[in-house]
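Attaching a single structure in C-alpha cells format; questions to follow.
Note: hydrogens, waters and symmetry copies are ignored here, and every other heavy atom, side chains too, is used. So you know, we letter chains A, B, ... as the sequences are listed, proteins then strands, and number each from 1.
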2 protein chains.
Amino acid sequence: MNIILSNLKIQVNEKIYVKDPETSPLGKKIVEQSILLIDEIGFDNFTFKKLGEKIGSNESSIYRYFENKHKLLVYLSSWYWSWMEYKLVFATTNILDPSEKLDKAITIVTEKVTDDINTEHINESILNKIIIAEFTKTLQTKEVDQENKEGFFLIYKRLINRIVGFINEVNPEYPFSKSLASTIVVGSLHQHFLTEHLKTITDCNEYVSTTQFYLNLTKNVLR
Amino acid sequence: MNIILSNLKIQVNEKIYVKDPETSPLGKKIVEQSILLIDEIGFDNFTFKKLGEKIGSNESSIYRYFENKHKLLVYLSSWYWSWMEYKLVFATTNILDPSEKLDKAITIVTEKVTDDINTEHINESILNKIIIAEFTKTLQTKEVDQENKEGFFLIYKRLINRIVGFINEVNPEYPFSKSLASTIVVGSLHQHFLTEHLKTITDCNEYVSTTQFYLNLTKNVLR
DNA sequence: GCAAATATAATAGTATTACTATCAATATTG
DNA sequence: CAATATTGATAGTAATACTATTATATTTGC
C-alpha cells in the first residue's frame, strides 16, 4: 500500500477550490498549516488572516486557493475520506470471506488514525482529530443541498456505499444497510469525541475501543 | 402528561443565560422568535441584530438575556432535552417490562416531533428541526471542556443515562450501554438529517422511520 | 398613587471578520 | 529574454460581535 499511495494523488472535486493547492508549494503549505492551525484553535476561531500570519503569507494569496474557510474544510474532509477510501479498498482487496471483509472495513473507518508518512505535507493523525471535531460542520449548513448537487460530498457518500456493499454481502436480507453504514462512520467520530470530552456517556476509552463497540454491534445486528 | 406539563417550568442551568428569558415577555419573545429565525436562515447566518429586527427590539436588549448566540443555542438545546426527558419519563412510568420500556424510550427520542400545545411560546416541531441541524455545534467547540465543567450539558447527559438504565435492565451483560444510548440519540438526529439532505446514504424515509431502524438495531444488539 | 428600582430602547463606538480590488514585485515558462 | 503567471503589499468596504452611555418606559413596593 505504501508504494502505491506515495505515487498517488488524492483527487478532490474541482469545484471545492479556486486553484488546486496540490499544484504549488504555497498551496501545499496552506493545506499543511491549516490542519495544524484548525487543530490548535478550532475551526470557529480559524481565519485566513491568522493562517497567513502562520505561514508568512498574505491573506489575499490564500483567497486565490479557497473562496472561504468553509470550502477549505470541505476540501480537507474530502481529502480525508478519499485517503480513507484507499486504505479501505487496499485492506479489503482479495479477502473473500464477507464477514472478514466487513470487519476489516469497520476497523479501518473506526480506529484511531496514525500519520501516513507517504503524504509529505499532510499529518493524517491531526487531520483525523479535525474530522472528529469538525466534520459535521461541513454538512450542517443552509447550503448543503446546493453543495451536495455540486458533488462536494461524493467521496464521502462513495465510502459509505462501499461499506453498504460489504454489509449486503454478509446479510442481503438486512433492510437498513445504508443507515447502519452511515451510523458506523459518523457515529464512530462521535464516540471518539465523547471519549475525549464527555466520558460519562460513552464506554469507549483507552482500554475499550470504539472499533470493538462497532464490531460487536454490527455482528449482532447482521447475524 | 398534558396537564402536568402545562404547569411545569423547564429548568435550564442558570449559567447559560444572563437573565432568565422565562421571566419576561421580551425574554419569551427572544426564545420564540429565535427558534423561527434559526430555522429560517440557519444558525451560522443568525445574528442578534437580525433577531432584534424580527422582534422589533434592540440588539442590546437581547444581550441582556444571552451573552452570545452560542449560549442561546445551548439554552434552546437544554430546553429541548429537558422537555424530551419529561416526555420520556412519563411515557415509561409504570411500565414494568424492561423491553417494552426501552422500546418506548427509543421511540420517544427517535421519532419526529410534533408541537406541544402546552408550551405557549415554543414550537417543539421547529425546535426539533433546529436540534437536527445544529445540536452538535453546541458540543463541537474549543470551549466544550470548560462548558461541560460548568454543567451546560447536564440535562443531555442525564437523558442519555436514563436510556442507559433501561438498556441495563434489558441486558445487564451488554458492555456498551452508554455508547449504544448516545449512538441512538445523536445518531437518530443524523439519520433525520440524511433523510432530508443526503438520501442516498440512509434507508430512513417517509415509509421507513428512523425509529424502526433503531428499534430493530437495539433488539438485535441486546438479545 | 408615587418614588424607586428595573427593564428596554436608542445611539454611538470599537475591534475583528470576511472579503474585494489594485498594483507592484517576483518567479516561471516558452 | 520576453511574456505570463504567481505572490505580496496595501487599502478599502460591509457586516459581525460586541460594549458603553443615556434616555425613556414599565413595574413594584410602600
Side-chain angles (χ1 to χ4, degrees), chain A residues 14-34 37-38 40-76 121 134 137-138 140-143 146-147, chain B residues 14-34 37-38 40-76 121 134 137-138 140-143 146-147:
Chain A
E14 290 184 8
K15 285 183 189 157
I16 294 171
Y17 47 73
V18 180
K19 184 187 163 170
D20 187 350
E22 291 288 328
T23 61
S24 78
L26 179 60
K28 284 179 186 173
K29 216 164 158 191
I30 288 170
V31 170
E32 176 185 25
Q33 297 294 316
S34 68
L37 188 55
I38 291 171
E40 202 179 303
I41 64 177
F43 183 69
D44 296 344
N45 302 315
F46 173 88
T47 67
F48 280 179
K49 189 165 189 202
K50 288 175 187 167
L51 179 60
E53 275 157 28
K54 193 181 175 82
I55 65 181
S57 219
N58 201 274
E59 197 189 355
S60 61
S61 303
I62 301 168
Y63 277 104
R64 290 203 193 85
Y65 287 87
F66 294 100
E67 252 180 74
N68 51 51
K69 70 175 188 170
H70 168 72
K71 292 254 176 102
L72 171 57
L73 186 62
V74 173
Y75 177 88
L76 295 176
H121 61 297
E134 324 282 5
K137 291 176 190 167
T138 65
Q140 297 187 336
T141 70
K142 269 285 160 184
E143 296 77 35
Q146 182 55 34
E147 296 187 350
Chain B
E14 290 184 8
K15 285 182 189 157
I16 293 170
Y17 47 73
V18 180
K19 185 187 162 170
D20 187 350
E22 291 288 329
T23 61
S24 77
L26 178 60
K28 285 179 184 171
K29 215 165 159 189
I30 288 170
V31 170
E32 176 185 26
Q33 297 294 315
S34 68
L37 188 55
I38 291 171
E40 200 179 305
I41 63 177
F43 184 68
D44 296 344
N45 303 315
F46 172 88
T47 68
F48 280 179
K49 189 164 187 203
K50 288 175 187 168
L51 179 60
E53 278 158 26
K54 193 181 175 81
I55 66 180
S57 221
N58 202 272
E59 197 188 354
S60 60
S61 303
I62 301 168
Y63 277 104
R64 287 204 197 83
Y65 287 87
F66 296 100
E67 253 181 73
N68 51 50
K69 70 176 189 171
H70 168 72
K71 292 255 176 100
L72 171 57
L73 186 62
V74 173
Y75 177 88
L76 295 177
H121 60 299
E134 324 282 4
K137 292 176 190 167
T138 64
Q140 297 187 337
T141 70
K142 271 284 160 185
E143 296 77 35
Q146 182 55 36
E147 295 187 350

Requested in this report: Identify, with sequence neighbours excluded, every residue that meets ring pair (Phe, Tyr, Trp, His ring centres under 6.0 Å) alongside A:Tyr75.
Outcome: A:Phe66

Query raised in the report: What is the distance from atom CG of B:Leu26 to atom OG of B:Ser57, rounded to the nearest 0.5 Å?
Result: 4.5 Å

Report task. Using modelled atom types only, decide if a donor and an acceptor are shared between the side chain of A:Glu134 and the backbone of A:Phe43 within a distance under 3.5 Å. Result -> yes

Requested in this report: With sequence neighbours left out, write down each residue that passes side-chain hydrogen bond (donor to acceptor under 3.5 Å, both in side chains) with A:Glu147, or none if nothing qualifies.
Outcome: A:His70

Requested in this report: Quickly work out the B:Leu26 CG to D:dA25 C1' distance and round it to whole Å.
Outcome: 13 Å

Requested in this report: Summarise protein proximity over nucleotides 24-30 of chain C in one line of letters, 5' to 3': B for base, S for sugar-phosphate only, - for none, counting protein heavy atoms closer than 4.0 Å.
Outcome: -------

Requested in this report: Could you list all the salt bridge (charged side-chain N to carboxylate O under 4.0 Å, His left out) pairs where at least one residue sits in residues 18-29 of chain A, not counting sequence neighbours?
Outcome: A:Lys9-A:Asp20

Requested in this report: Sorted by first residue and then second, give each salt bridge (charged side-chain N to carboxylate O under 4.0 Å, His left out) pair with at least one member in residues 48-59 of chain A; sequence neighbours left out.
Outcome: A:Glu40-A:Lys54

Query raised in the report: Heavy atoms, side chains only, cut-off 4.5 Å: are B:Leu72 and B:Ile62 in contact?
Result: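 Side-chain contact under 4.5 Å: no.
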
Report task. Using a heavy-atom cut-off of under 4.0 Å over every strand shown, decide if B:Ser24 touches base, sugar-phosphate, or nothing. Result ->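 Sugar-phosphate contact only - B:Ser24 comes under 4.0 Å of backbone atoms but never of a base.
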
Report summary line: Hits for side-chain hydrogen bond (donor to acceptor under 3.5 Å, both in side chains) against B:Glu32, two or more places apart or cross-chain, chain-then-number order -> none

Query raised in the report: Are OP1 or OP2 of C:dA9 and a side-chain N or O of B:Ser61 less than 4.0 angstrom apart?
Result: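 Checking C:dA9 against B:Ser61, a side-chain N or O does come within under 4.0 Å of OP1 or OP2.
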
Query - salt bridge (Lys or Arg N to Asp or Glu O under 4.0 Å) partners for B:Lys71, two or more places apart - result: B:Glu67

Query raised in the report: Considering the terminal five base pairs at each end of the helix from C:dG1-D:dC30 to C:dG30-D:dC1, what angle separates the two local helix axes, rounded to 10°?
Result: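 Its terminal axes enclose an angle near 30°.
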
Query raised in the report: Looking at DNA chain C, which of residues 62-74 of chain B put a heavy atom within less than 4.0 Å of it?
Result: B:Arg64, B:Tyr65

Report summary line: Sorted by chain and number, sequence neighbours left out, side-chain hydrogen bond (donor to acceptor under 3.5 Å, both in side chains) with B:Glu14 holds for none

Query raised in the report: What is the minimum heavy-atom distance between B:Ser60 and B:Asn58, and which atoms define it?
Result: OG-OD1, 2.9 Å

Requested in this report: Can you sort out the partners of B:Thr23 under side-chain hydrogen bond (donor to acceptor under 3.5 Å, both in side chains), two or more places apart, ordered by chain and number?
Outcome: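 Partners of B:Thr23 by the side-chain hydrogen bond (donor to acceptor under 3.5 Å, both in side chains) criterion come out as none, since no residue qualifies.
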
Query raised in the report: What's the shortest heavy-atom distance between A:Pro21 and A:Tyr65, and which atoms?
Result: CA-CD2, 3.8 Å

Requested in this report: Identify, residue by residue, the members of residues 41-59 of chain B with a heavy atom below 4.0 Å from DNA chain D, and return them in order of residue number, or none.
Outcome: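 By residue number: B:Thr47, B:Lys50, B:Glu59.
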
